[in-house]
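All remarks here apply to the structure that follows.
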Amino acid sequence: MDKPLRKAIFAGSFDPITNGHLDIIFRASKLFDELQIGVLINPNKKGLFTLEERVKLIELCTKELDNIKIISFQGLLVNYCAENGISTLVRGVRSEDDVNYELQMAHMNKELNSDIETIFLPTNKKYSFVSSSLIKEVLSFGADVTNFVPVEVLEELEKKTK
Ligand code: PNS
């Protein structure tokens with residue numbers, strides 16, 4: 001009998017995708033047969049890019065990976081997982097502050113569906129201070145964010161913030 005596919009999802013707001021996210025995507029894609037990238041609305045964050053734009057940017061930056069699928073949906077992440085045979089949630093962790101927020105979400109997700117596990121991947125040290133929100137903030141004051149986002153994203157960010 002064929003072994004079931006090991007499927008995971010890396011969900012986030014990706015507004016926009018950063019080099020830190022990309023690092024997690026490339027590493028996590030090696031750990032699973034299929035890695036889905038879930039582009040979701042976080043009601044606590046104000047969006048700059050539309051969901052469609054975020055998906056498009058992720059597609060452009062991950063062309064060389066052949067076991068990923070980029071999706072977008074509304075609703076509970078664990079429900080999407082249960083409906084799509086996904087057993088693992090992947091989250092990147094940059095700092096101690098992240099751990100508190102991430103643990104809270106992991107515990108809530110476990111409470112909502114005990115079959116689904118969360119795994120944390122430590123972010124590459126060189127991106128430990130990089131977040132989409134900070135990038136948008138410093139860029140709005142004219143800072144150079146070339147080192148923090150893929151080139152495709154840089155172009156779109158510059159257009160949006162001009
Ligand atoms: O990149 P973010 O904003 O930290 O990602 C948070 C996200 C989008 C993964 C989280 O808000 C989420 O899972 N949203 C979907 C709705 C849901 O399941 N909420 C319960 C989370 S415990």
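Counting convention: from 1, in listed order, for ligands and their atoms alike.
A donor atom on one side chain and an acceptor atom on the other are not found under 3.5 Å apart for Asp97 and Ser95.
Ligand 1 has Gly75 within reach: a non-hydrogen atom of the residue lies less than 4.0 Å from it. Contact between Gln104 and ligand 1 is absent, with no heavy atom of the residue lying under 4.0 Å from the ligand. Under the 4.0 angstrom criterion for non-hydrogen atoms, Phe14 is not in contact with ligand 1.
For ligand 1, the atoms lying closer than 4.0 Å to a non-hydrogen atom of Leu40 are 8 (C), 14 (N), 15 (C). Taking a cut-off of under 4.0 Å to the non-hydrogen atoms of Tyr101, the atoms of ligand 1 that pass are 4 (O), 6 (C). Every atom of ligand 1 with a heavy atom of Met108 under 4.0 Å away is listed here by number and element: 22 (S). If you number the atoms of ligand 1 from 1 as listed, the ones under 4.0 Å from a heavy atom of Lys45 come out as 1 (O), 2 (P), 3 (O), 4 (O).
Placement of Val153 and Leu60 within a single hydrophobic cluster is found when ILVMFWY residues are connected by side-chain heavy-atom separations under 4.5 Å, directly or transitively. Leu103 and Tyr101 are members of different hydrophobic clusters when ILVMFWY side chains are connected at heavy-atom separations under 4.5 Å.
Here the NZ atom belonging to Lys110 is positioned 9.5 Å from the CG atom belonging to Leu89, to the nearest 0.5 angstrom.
Using the six-membered ring where Trp is involved, Tyr80 and Phe73 have ring planes that are parallel, under 30° apart on the 30 and 60° scheme.
Protein heavy atom in closest approach to atom 22 (S) of ligand 1: Asn109 OD1, 3.5 Å. Of the protein's non-hydrogen atoms, Ser13 OG, 2.5 Å is the one closest to atom 3 (O) of ligand 1. With hydrogens left out, the protein atom closest to atom 19 (N) of ligand 1 is Leu76 CD2, 3.9 Å, a heavy atom. Scanning all protein heavy atoms for the shortest distance to atom 10 (C) of ligand 1 gives Met105 SD, 4.1 Å.
Counting only heavy atoms from C-beta outward, the side chains of Phe120 and Val99 never approach each other to under 4.5 Å. In this structure, Ile116 and Thr88 have side chains that are not in contact, with every pair of non-hydrogen atoms separated by 4.5 Å or more.
Between Leu77 and ligand 1, at least one N/O pair is under 3.5 Å apart. The shortest N/O to N/O separation between Arg91 and ligand 1 falls below 3.5 Å.
Proximity of the aromatic rings of Phe32 and Phe10 is defined here by a centroid distance below 6.0 angstrom, and this criterion is not met.
The pair Glu156-Lys56 does not meet the salt-bridge criterion, since no charged nitrogen lies less than 4.0 angstrom from a carboxylate oxygen.
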